[in-house]
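Just the heavy atoms: all of them, side chains too, but no hydrogens, waters or symmetry mates, feed the values below. Order of the sequence lines sets the chain letters (A, B, ...), proteins ahead of strands, with each chain counted from 1.
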Amino acid sequence: MNQTNQSSEVRVRFAPSPTGPLHIGGVRTALYNYLFARKMGGKMLLRIEDTDQNRFVPGAEDYIIEALNWVGIQIDEGQSVGGPDAPYRQSERKGIYQKEAFRLVNEGKAYYAFDTPDELDAMRARLEAANAPAAQYNAITRMQMKNSLTLPPADVQARMDAGEPYVIRLKTPHKEEVRLNDLIRGWVNVHSSAIDDKVLLKSDGLPTYHLANVVDDHLMKITHVIRGEEWLPSAPLHVLLYRYLGWEDTMPQFAHLPLLLKPEGNGKLSKRDADLGNFPVFPLQWNDKETGNVARGFREDGYLPAALVNFLAFLGWNPGTEQELFSMDELIEAFSIEKIQKGGARFDIDKAKWFNHQYIRQVADSELAPRIQMDAQAAGFDCSLEKAAKIAALLKERVNFAGDIFPEARTIFYTPDTYDETIRATKWNDDAQRAVGAFRDALRAYEGDFVAENIKHTLSEAMQQAGIKQGKIMQAMRLALTGSGTGPDLMLTMEIIGRDETLVRLHQALERLN
RNA sequence: GGCCGAUUCGUCUAGCGGUUAGGACAUCGCCCUUUCACGGCGGUAACACGGGUUCGAUUCCCGUAUCGGUCACCA
């Protein structure tokens with residue numbers, strides 16, 4: 001029935017479950033899928049795997065879409081954009097999975113099971129007590145359970161007619177070697193005895209992940225399944241499903257990505273680690289409506305999407321060159337599955353900050369200005385966009401985040417009310433006093449443009465005339481002007497402060513520091 | 001515990017039989033500078049262990065150890 005995919009167009013999908021905010025590892029998975037799709041000139045699909053009604057979280061789907069959009073991952077087909085295989089929400093595709101599940105039963109590859117949760121627990125407890133090799137529903141134990149393999153057909157029919165809940169389970173072969181060739185890991189062999197009789201269709205009529213993802217990937221003509229390593233143990237089961245469904249000849253290729261690990265200690269990266277390390281694990285801020293908790297996001301923390309993407313791309317992949325900074329287009333150009341790492345990658349937020357620093361300094365001053373203006377206003381200061389842009393130019397190379405700029409520029413906005421005592425004690429001496437006085441007088445007489453270059457010239461001339469070595473008094477000058485011993489370029493700072501205010505500050509310093 | 005996977009500086013990694021084992025983050029030092037940063041230069045720092053294969057193993061094979069993942073009517 002199914003002929004080989006003639007078009008050979010690469011088609012990949014990102015298939016998250018809307019159970020909450022998208023984890024940063026999920027963003028990386030989406031990114032790798034996207035890079036691969038674009039690199040191969042293929043398509044990127046977005047499918048929502050919402051087959052667990054109990055775990056459904058309102059708003060999660062919108063969050064996922066907004067997050068992908070923010071990082072710059074464009075969806076070609078799928079939820080939010082539509083496409084030929086709609087609907088892309090699995091809860092709306094119920095009938096499709098049921099049809100395939102019943103087909104498997106009819107073909108003898110699956111069966112109905114009526115066991116209650118209590119009965120299943122009892123079975124597992126019994127097997128564990130008996131020290132059985134594996135406490136699972138499988139080729140051996142299924143013959144002692146309540147299912148269409150053990151019950152008389154009439155009984156099965158009666159139960160179904162009576163509306164008794166049932167599931168459909170895969171009739172996993174007893175002894176069979178299942179192989180799959182993972183693009184990242186090579187051949188992986190698993191014996192079918194290690195795979196239990198997985199539930200394919202739940203008693204609520206919805207499929208489990210295993211059935212749904214295989215059916216959808218086939219129907220949507222997915223050519224490559226790129227997903228997290230946590231799926232590797234069930235990948236052989238999926239291979240088995242493709243075989244039983246008769247789709248093995250068009251089965252997609254698999255690539256199981258290494259996991260994102262905790263910064264220190266053992267295990268995969270969790271929200272808790274992020275809180276401990278004081279960094280986000282979600283792309284966007286998430287407001288939990290039930291608990292009222294707010295989980296921070298990379299966006300709200302001031303990370304640029306380009307920086308996050310660059311950082312994430314390098315967590316588990318490397319082009320093999322010494323270039324570190326890559327735009328999305330460059331990543332697409334350089335990307336290849338072969339260069340994906342096999343081992344898990346520890347999450348190092350310092351590296352993320354460094355990437356952000358690299359990108360922040362490239363942002364135009366005018367783009368940074370509104371944020372600075374906003375921060376200034378929040379602190380109670382007026383700030384024109386022109387002034388904010390100048391401040392951006394003054395400080396952007398020094399910071400990791402746009403939000404760090406205003407705090408460093410704070411002294412620009414007000415005449416010092418206090419002066420750093422340590423600097424005062426060590427730097428405020430007779431020469432400093434004379435220097436500030438001489439500079440003030442020179443500035444009063446100066447009538448040209450009040451720009452850094454001219455201010456610098458005025459200052460050095462004044463110091464020369466006063467016979468003072470400029471380097472000796474610069475920190476005192478800074479103290480006089482800003483009240484602080486440290487900060488960005490002083491001449492530019494004065495330019496931004498303006499002539500009048502500069503004079504006011506010099507004057508006040510002479511009065512208050514003596 | 002069974003099954004599957006992984007293992008190069010503290011961290012992310014390059015390496016695909018012969019290298020002074022390279023880069024980046026972090027760290028330390030020096031320089032630059034009006035200070036603090038930025039930046040520049042340099043330093044410390046790694047092939048988990050044991051067997052093979054080979055003239056030669058970080059690289060190939062087998063064990064061991066360690067770490068991770070997974071064993072639901074969750075994805």
Side-chain angles (χ1 to χ4, degrees), chain A residues 15-19 49-52 54-55 90 113 115-117 120-121 124 128 131-137 165-169 182 184-186 188-191 193-196 198-210 212-213 227-236 256 258-259 261-264 266-268 311 314-325 338-339 341-355 357 361 395-399 408 423 427 456 459 470-479 482 484-491:
Chain A
S17 187
T19 53
E49 310 228 329
D50 57 346
T51 54
D52 186 352
N54 302 319
R55 293 209 306 159
Q90 289 184 329
D115 315 275
T116 64
L120 290 172
D121 286 345
R124 291 191 186 105
E128 272 168 38
N131 257 316
Q136 55 184 25
Y137 210 121
Y166 66 91
V167 299
I168 291 179
R169 283 182 183 272
D182 187 273
I184 295 172
R185 290 148 211 286
V188 178
N189 303 305
V190 176
H191 193 79
S193 61
I195 304 169
D196 60 355
K198 279 276 173 327
V199 170
L200 265 20
L201 199 72
K202 299 181 278 186
S203 58
D204 62 4
L206 283 162
T208 57
Y209 170 83
H210 304 108
N213 107 86
R227 81 236 288 197
E229 190 186 349
E230 68 268 25
W231 291 113
L232 194 51
S234 55
H256 289 94
L259 263 22
L261 272 18
K262 297 174 188 290
E264 48 203 41
N266 309 140
K268 58 179 176 179
F311 166 64
F314 272 68
L315 233 40
W317 172 85
N318 185 292
T321 65
E322 287 186 356
Q323 184 182 346
E324 298 270 342
L325 266 22
E338 294 72 53
K339 288 200 171 292
Q341 203 71 15
K342 293 184 180 72
R346 285 213 137 86
F347 197 82
D348 178 14
I349 198 65
D350 283 337
K351 195 72 171 263
K353 288 177 184 168
W354 178 79
F355 273 112
H357 170 72
R361 58 193 302 176
L395 286 158
K396 72 178 178 186
E397 301 223 335
R398 304 162 57 97
V399 301
E408 291 223 25
I423 303 297
K427 304 288 183 184
K456 187 172 189 171
L459 175 65
Q470 198 176 320
K472 294 277 186 200
I473 53 84
M474 280 309 289
Q475 216 174 350
M477 190 66 73
R478 177 180 295 280
L479 179 73
T482 69
S484 162
T486 65
D489 186 90
L490 238 201
M491 306 306 148

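Out of B:A75, B:C38, B:G5, the shortest distance to the side chain of A:Arg185 is found at B:G5. Distance from the side chain of A:Ser17 is smallest to B:A75 among B:G69, B:A72, B:A75. Across B:U34, B:C25, B:C73, the shortest atom-to-atom separation from the side chain of A:Asp489 is found for B:U34. Side-chain proximity of A:Val199 to the nucleotides B:U35, B:C3, B:C73 is greatest for B:C73.
To the nearest 0.5 Å, atom CD of residue A:Gln136 and atom OG of residue A:Ser193 are 8.0 Å apart.
A sub-4.0 Å separation between OP1 or OP2 of B:U13 and a side-chain N or O of A:Lys339 is absent. Put simply, A:Thr51 has a side-chain N or O that comes within less than 4.0 Å of OP1 or OP2 on B:A75. Phosphate proximity of B:C67 to A:Asn266: absent, as no side-chain N or O sits under 4.0 Å from OP1 or OP2. Proximity of A:His357 to the phosphate of B:G39: a side-chain N or O atom is located under 4.0 Å from OP1 or OP2.
Scanning atom types as modelled, one donor and one acceptor separated by under 3.5 angstrom connect the side chain of A:Arg478 and the base of B:U35. One cannot find a donor-acceptor pair under 3.5 Å joining the base of B:A26 and the side-chain atoms of A:Lys351.
A salt bridge is absent between A:Asp348 and A:Lys351: the closest approach of a Lys/Arg side-chain nitrogen to an acidic carboxylate oxygen does not fall below 4.0 angstrom.
Between the C1' atoms of B:A65 and B:A72, the separation comes to 32 Å (whole Å). Atom name C1', nucleotides B:A21 and B:U58: the rounded distance is 8 Å, in whole Å.
Judged by distance alone, the side chain of A:Asp50 and the main-chain N or O of A:Gln90 form a donor-acceptor pair under 3.5 Å.
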Step-by-step side-chain hydrogen bond (donor to acceptor under 3.5 Å, both in side chains) determination, A:Tyr137 to A:Asp115: CA-CA 11 Å; A:Tyr137 210 121; A:Asp115 315 275; 2.6 Å; yes
